[in-house]
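Read through the structure below, which is laid out as structure tokens, and then see the notes.
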Amino acid sequence: PDRKLLKEHLQILEEAKKRDHKILGPKLDLFTLHEEAPGIPFIHPKGMTIWNRLLDYWRECHKRAGYVEIKTPTILIKELWERSGHIQNYSENMFFTSHEERDFAIKPMNCPGAMLYYNEKNHSYRELPWRVAEIGQVHRFEPSGSLSGLFRVRSFHQDDAHIFLKLSDVQSEVIKILSLVQEIYSTFGLTYELALATRPEKQTIGSDEAWDISTKSLKAALDVHGLPFKINEGDGAFYGPKIDIYIHDALKRLWQCGTIQLDMSLPERFSLEFTDADGTRQRPLILHRTILGSVERFFGSLIEFYAGKFPLWLSPVQVRIVSVATRHADYAKEVQKVLQEKGFITDVDDSNESVSKKIRDAQLAQYNYILTVGDQELEHKSIALRTRDNVVHGEL
């Protein structure tokens, strides 16, 4: 409507191009996509450094929060997915295979595996809430036209958790999850919005009463938690209402990553039980939840949020040591050894290029720190420090 808004819009488009993870990812040697595996990314060694540090941090947080971690199979028999309701409500998004006259499905969600795990033993009310987490790889058929970098793929890892609990635990447990969300997102400097998604009009499982209780329970928890939220009518999962968590990227765009879903249907379908305080057998409820959501999508969001300039703890290229001349190469490797023993990711550029070009190359590759060593540094057993934003800190 006016020139000022047009100018802002064009600036955002220009900035978005600079931050596009589909360009930065391959450029920084983090991941690639190939026609031989449509919609399924190849994560490179530098990308795996970020991936592993991200999941190490995730595991540290979840261990503190009282979760156990499991791993369930990728391929399970078709009858299991009929029992869970996925065949009836989600089959168009699933991959199938047949062997030895049996039909199987490649899991699009981790839930049924977690149900089988719960049913392996008897449970007491004293164990609840029981928090079971899984970094599970899932496959979903997405139309080729909708595939987009790491944001929309056909195979991804969900940082899933299934929390088995009583109705009286729902409010306090949802608040604990939201606190964990805040802890994890704030570590990356991310802000986010919340939305309560209610029952879809078609293709749902569960009674009206179960949906009503579930929706009211989630809303009550959000009210007590205190952060503002909006209501997305009809946007719930086929088995229950949910709280969706949308992160803001550096351009203030919203990406749906985490979700918290309350489910009264799968416990019924899988005959889940626990022994209550009075000795009776009762049905637990389930909170399905992810925080990173798709680890691939979260990874892509971080590439764009940081524009490839990862903080030191996540960075796959922390320190580069630049030798001024060939005679300084051995000392550069001494410095490298000291830093590697301290746990830093470090490499040496002792090529015959000019020092200015070697520094520029390190900055373009987004090394957090560039250490230059020449005659003076060799004599003083020191280094000359600069950062990737070209701030020179001098000799140390």
Side-chain angles (χ1 to χ4, degrees), residues 62-63 65-73 76-90 105 107-134 136 158 160-178 180 198-199 203-222 224 236-243 259-290:
H62 282 73
K63 189 175 180 181
Y67 288 77
V68 296
E69 185 178 356
I70 62 169
K71 184 176 184 296
T72 62
L76 298 120
I77 60 170
K78 187 178 178 183
E79 289 84 353
L80 178 73
W81 301 99
E82 288 169 346
R83 186 178 180 188
S84 68
H86 285 83
I87 294 294
Q88 300 89 321
N89 294 280
Y90 204 74
K107 68 176 177 182
M109 299 179 191
N110 298 303
C111 322
M115 303 306 109
L116 295 180
Y117 174 65
Y118 180 90
N119 264 345
E120 285 180 11
K121 66 172 189 173
N122 293 323
H123 296 272
S124 161
Y125 72 97
R126 292 188 182 89
E127 296 174 67
L128 307 184
W130 195 43
R131 306 176 187 98
V132 180
E134 176 176 14
Q158 279 191 309
D160 244 328
H162 294 90
I163 302 168
F164 302 88
L165 71 174
K166 307 186 295 293
L167 182 59
S168 58
D169 296 326
V170 169
Q171 185 171 303
S172 61
E173 199 60 27
V174 170
I175 290 169
K176 284 177 184 171
I177 295 169
L178 291 171
L180 189 58
T198 62
R199 186 178 192 173
Q203 286 189 305
T204 62
I205 57 179
S207 68
D208 293 345
E209 181 188 14
W211 273 89
D212 188 49
I213 292 170
S214 300
T215 306
K216 284 177 178 174
S217 298
L218 290 184
K219 186 176 183 303
L222 283 167
V224 171
F238 71 84
Y239 50 78
K242 58 179 180 165
I243 297 169
T259 186
I260 306 168
Q261 303 170 357
L262 183 57
D263 181 2
M264 301 176 80
S265 179
L266 282 186
E268 196 70 40
R269 284 174 172 254
F270 283 87
S271 304
L272 305 189
E273 292 185 337
F274 68 93
T275 304
D276 212 346
D278 60 3
T280 59
R281 303 292 289 165
Q282 301 292 334
R283 284 264 185 272
L285 280 69
I286 298 171
L287 280 170
H288 306 250
R289 50 111 289 200
T290 65

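In what follows, residues are counted from 1 in the order of the sequence shown. Below, all heavy atoms of this structure are taken into account, side chains as well, without hydrogens, waters or symmetry copies.
Within a 6.0 Å radius of CZ in R126, no more than 12 heavy atoms belonging to other residues, nucleotides or ligands are found.
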inquiry  = Walk me through whether R289 and E173 qualify under salt bridge (charged side-chain N to carboxylate O under 4.0 Å, His left out).
reply    = CA-CA 11 Å; R289 50 111 289 200; E173 199 60 27; over 6 Å; no
task = Evaluate the side chain to side chain contact (heavy atoms under 4.5 Å, CB included) criterion for residues L262 and V174: first the C-alpha distance (whole Å), next the side-chain angles of each, then the deciding distance (0.1 Å), finally the verdict.
result = CA-CA 9 Å; L262 183 57; V174 170; over 6 Å; no
Residues D276, K166; criterion salt bridge (charged side-chain N to carboxylate O under 4.0 Å, His left out); working and verdict = CA-CA 10 Å; D276 212 346; K166 307 186 295 293; 6.0 Å; no
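Judged by distance alone, the side chain of D169 and the main-chain N or O of L128 form no donor-acceptor pair under 3.5 Å. Of the possible donor and acceptor atoms, one in the side chain of R283 sits under 3.5 Å from a partner among the backbone N and O of L272. Looking at Q88, its side chain does come within 3.5 Å of a backbone N or O of E82 through a donor-acceptor pair. Under the 3.5 Å distance criterion, the side-chain polar atoms of E134 are matched with a main-chain donor or acceptor of T72. Side-chain atoms of E268 do not come within 3.5 Å of backbone N or O of S265 as any donor-acceptor pair.
For the residue pair S84 and L266, the shortest heavy atom distance occurs at O-CD2, 3.5 Å. Of all the heavy atoms in A221 and I175, the pair that sits closest is O-CG1, 4.0 Å. Smallest separation of non-hydrogen atoms from W81 and I77: CD1-O, 3.2 Å. Of all heavy-atom pairs between G136 and K107, the closest is CA-NZ, 4.4 Å. Residues N119 and S271 share a closest heavy-atom pair of OD1-O, 4.0 Å.
We find the CD1-OG1 distance between I177 and T259 to be 10.0 Å, quoted to the nearest 0.5 Å. Annotation: the span from S172 atom OG to L165 atom CG amounts to 8.0 Å, rounded to 0.5 Å. With rounding to the nearest 0.5 Å, the separation of CD in Q261 from CD1 in I286 is 11.0 Å. L287 contributes atom CG, which lies 8.5 Å from atom CD1 of I243 (distance to the nearest 0.5 angstrom). To the nearest 0.5 Å, atoms OG1 (T290) and CE (M109) are separated by 11.0 Å. A distance of 6.0 Å separates CE in M264 from CG in L167, rounded to the nearest 0.5 Å.
Side-chain atoms of K176 and P129, non-hydrogen and from C-beta on, never get closer than 4.5 Å to each other. Between R199 and T215 the shortest side-chain heavy-atom distance does not fall below 4.5 Å. Proximity of L180 to Y67: side-chain heavy atoms (C-beta onward) are separated by under 4.5 Å at one or more points. Side-chain atoms of L178 and I260, non-hydrogen and from C-beta on, do get closer than 4.5 Å to each other.
The residue from Y117, Y125, F274 that alone fulfils the ring pair (Phe, Tyr, Trp, His ring centres under 6.0 Å) condition with W130 is Y117.
Contacts of H288 classified as ring-ring contact (aromatic ring centres under 6.0 Å, His included), with partners at least two apart in sequence or in another chain: H162, Y239.
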